[in-house]
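The structure displayed is predicted, hence computed values, not measured ones. Quick note: numbers below take in every heavy atom, side chains included, and nothing from hydrogens, waters or symmetry partners.
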Amino acid sequence: MANATMIAVALLFPVSAEAQTQNGLSNLFGGIFSGSGAAPSQPAPAPGGALPWSGEDGASGHPLMTAAAIREAAGNFDNCVAGMWPDAARRGITQENFQRFTAGLTPDLRIMDLMDSQPEFSKSIWDYLDILVNDNRLARGKEILAQYKAQFDATEKAYGVDRYIIAAIWGIESNYSTQMGDRSVLQSTATLACIGRRQGYFKDEFLSALEILNRGDLRPEQMRGSWAGAFGPTQFMPTAFKRFAVDGDGDGRRDVVDNPTDLIASTANNLKKDGWQSGQTWGFEVVVPEGFNYMLADRAKMMSIAQWEKLGLKRATGQPFPHPAEKAYLLAPAGAQGPGFLMLQNFRVIMKYNPAEAYALAIGHFADRLRGGQPFVQPWPRQERELSKSERLELQQLLAQRGFYKGTPDGQFGGQTRDALRNFQVSIGLPADGFATSDVLDRLRGR
């Protein structure tokens with residue numbers, strides 16, 4: 001649930017475009033992860049200030065993202081939308097409302113560029129956190145918590161979800177309702193339902209948007225947001241709205257855009273239904289001992305905190321862990337050079353809201369800061385730089401040449417690349433943390 005182009009944390013926490021929209025999340029913090037001076041030249045703005053479609057093939061290489069396929073599908077857009085009427089009728093949408101809400105819809109082809117955006121450079125995890133968890137956002141978050149104290153009190157009582165997590169999501173998703181996106185949800189989801197590589201997924205989002213309007217929960221002018229259709233201060237996709245939105249104040253409407261009571265309650269309901277554990281935190285910053293086996297830093301390797309302690313992990317604050325029997329996994333977002341984190345069940349719940357570990361870490365940390373907590377104790381390896389896409393591609397190619405990588409080099413780092421990198425690190429006596437640095441690339445080059 002965010003409002004810009006698909007750049008999440010491509011290197012450290014790869015999240016596919018498909019995953020980004022599964023639970024109401026579109027592409028996080030577009031522009032933040034593009035390196036200065038590295039952005040491609042932009043076409044001149046179209047009338048009204050919107051950028052036009054580039055007219056080029058999509059970077060994904062998908063056959064439905066070629067320029068010819070996009071043009072052909074755009075030419076059939078009206079027929080495609082009209083052809084969804086039987087499905088809309090089965091969902092209880094009246095013909096009058098279907099015609100009213102689809103009248104005059106045109107495709108927004110600029111979305112095709114945004115859907116397949118692949119930035120040359122990415123921001124590091126520490127730059128990402130610096131941007132999101134800052135003094136201005138903290139100050140505004142504390143004002144929000146005070147302003148809507150009654151609503152947060154009632155929501156905590158009803159759903160058992162920590163107010164600071166809800167306030168953190170609100171702050172990071174839309175900077176407290178100031179950056180929600182300005183694209184028509186109907187136009188965006190209709191475009192994606194009829195054009196491009198994810199039509200089946202977005203057809204459901206488009207029809208769900210029509211259901212919301214048909215029921216009267218929201219007006220079309222309220223449903224404005226990201227290019228992928230996420231809207232409101234905590235960025236619900238239409239299907240997520242249907243599953244989680246609640247009428248918090250009993251006025252008969254579920255207004256997650258302009259009604260703070262509904263917004264706070266609906267976000268809490270989302271987290272609760274995803275498995276939020278009341279009274280528990282999301283995780284702990286930990287000191288990882290020298291010589292630690294970083295092959296254990298894996299989301300699939302859950303152990304009790306007591307077991308992690310036996311392996312030498314300690315809280316960075318020096319305090320004891322409150323519940324040693326809790327299960328956690330170790331996250332080392334900057335490898336052996338940076339802090340470690342033991343992640344609990346609630347961290348996984350935040351990741352259902354947005355399946356990027358960097359996002360969930362930002363939410364958890366921001367919530368702690370809103371609660372009065374301190375910055376992370378351990379330093380980040382700020383001397384390191386993120387590899388460019390061409391360097392990531394070269395790294396994969398070199399790993400493949402040495403027999404460590406079996407996939408197709410594409411410059412996108414996923415689990416297969418990380419495992420290959422770890423195995424290479426083991427082979428040369430480095431900590432197997434899977435952290436791609438210029439030094440590792442140089443070693444692969446034989447320098």
Side-chain angles (χ1 to χ4, degrees), residues 5-21 27-28 30 33-35 37-40 54 56-67 69 112-125 128 196-198 294-295 297-300 332-337 355-358 381 384-447:
T5 56
M6 257 181 217
I7 307 175
V9 246
L11 254 184
L12 295 171
F13 307 98
V15 179
S16 68
E18 285 72 11
Q20 284 268 344
T21 47
N27 303 311
L28 197 57
F33 297 96
S34 298
S54 67
E56 299 176 356
D57 291 349
S60 66
H62 193 285
L64 293 178
M65 295 301 291
T66 65
M112 296 299 107
D113 293 328
L114 301 177
M115 189 180 200
D116 264 17
S117 144
Q118 292 190 13
E120 175 64 18
F121 291 91
S122 297
K123 286 286 186 185
S124 64
I125 180 64
Y128 177 85
R197 59 187 168 84
R198 297 202 65 211
Y294 278 90
M295 287 290 192
D298 188 306
R299 200 185 310 174
Q337 301 179 63
E357 286 173 324
E384 295 291 349
R385 66 171 179 83
E386 293 298 301
L387 300 184
S388 68
K389 182 184 175 185
S390 59
E391 288 175 318
R392 300 195 299 271
L393 181 63
E394 181 186 3
L395 184 141
Q396 288 174 318
Q397 291 169 336
L398 291 171
L399 286 170
Q401 288 174 16
R402 290 175 178 248
F404 292 102
Y405 181 61
K406 306 300 182 184
T408 302
D410 58 4
Q412 304 299 309
F413 277 19
Q416 192 175 9
T417 301
R418 199 165 311 285
D419 287 345
L421 181 55
R422 283 175 160 180
N423 288 327
F424 169 70
Q425 288 171 319
V426 168
S427 75
I428 60 173
L430 291 177
D433 58 17
F435 188 46
T437 64
S438 55
D439 175 65
V440 170
L441 180 57
D442 282 343
R443 288 172 185 255
L444 276 166
R445 290 166 172 163
R447 295 178 184 172

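In plain terms, the two heavy atoms of Val440 and Gln425 that are nearest each other are CG2-NE2, 4.0 Å. Considering all non-hydrogen atoms of both residues, Ala358 and Ile125 come closest at CB-CD1, 3.6 Å. Residues Pro63 and Ala69 approach most closely at O-CB, 3.4 Å, considering heavy atoms. Contact record, Gln416 with Gly407: NE2-N, 3.4 Å, taken as the closest heavy-atom pair. The two residues Asp57 and Ala67 make their nearest non-hydrogen contact at OD1-N, 2.6 Å. The two atoms that bring Arg197 and Met115 nearest to each other are NH2-O, 3.2 Å, heavy atoms only.
Shown here are the ring-ring contact (aromatic ring centres under 6.0 Å, His included) partners of Tyr294, two or more places apart in sequence or in another chain: Phe292. Applying the side chain to side chain donor-acceptor pair (under 3.5 Å) rule to Arg299 yields the partners Glu357; only residues at least two apart in sequence or on another chain are considered. Take Pro409 and apply the side-chain contact (heavy atoms from CB on, under 4.5 Å) test, not counting sequence neighbours, and it matches Leu393, Gln396, Gln397, Tyr405. Glu394 pairs by the salt bridge (charged side-chain N to carboxylate O under 4.0 Å, His left out) definition with Arg445, not counting sequence neighbours. Ser390 meets the side-chain contact (heavy atoms from CB on, under 4.5 Å) test with Glu120, Ser388; sequence neighbours excluded.
Side-chain contact check for Leu441 versus Leu398: some heavy-atom pair is nearer than 4.5 Å. You'll find the side chain of Asn423 reaches within 4.5 Å of the side chain of Met295, heavy atoms only. Two residues are said to be in side-chain contact when any heavy atoms from C-beta on lie closer than 4.5 Å; Asp116 and His62 fail this criterion. Counting only heavy atoms from C-beta outward, the side chains of Gln337 and Thr437 approach each other to under 4.5 Å.
Residue pairs meeting the salt bridge (Lys or Arg N to Asp or Glu O under 4.0 Å) criterion with at least one member in residues 428-440, sequence neighbours excluded: Asp439-Arg443.
Atom CG of Leu399 sits about 11.5 Å away from atom CZ of Arg418, to the nearest 0.5 Å. In this structure, CZ in Arg385 is found 4.0 Å from CD in Glu391, a value given to the nearest 0.5 Å. Considering CD of Glu386 and NZ of Lys123, their distance stands at 10.0 Å, rounded to 0.5 Å. Rounded to the nearest 0.5 angstrom, Phe435 CZ and Leu430 CG are separated by 13.0 Å. Between the OG1 atom in Thr66 and the CE atom in Met112 there is a gap of 11.5 Å [rounded to 0.5 Å]. Here the CG-CG distance, from Asp298 to Asp419, works out to 7.0 Å after rounding to the nearest 0.5 Å.
Checking side-chain atoms of Arg402 against main-chain N and O of Leu444 turns up a donor-acceptor pair under 3.5 Å. In this structure, the side chain of Ser117 does not engage the main chain of Leu114 through any donor-acceptor pair within 3.5 Å.
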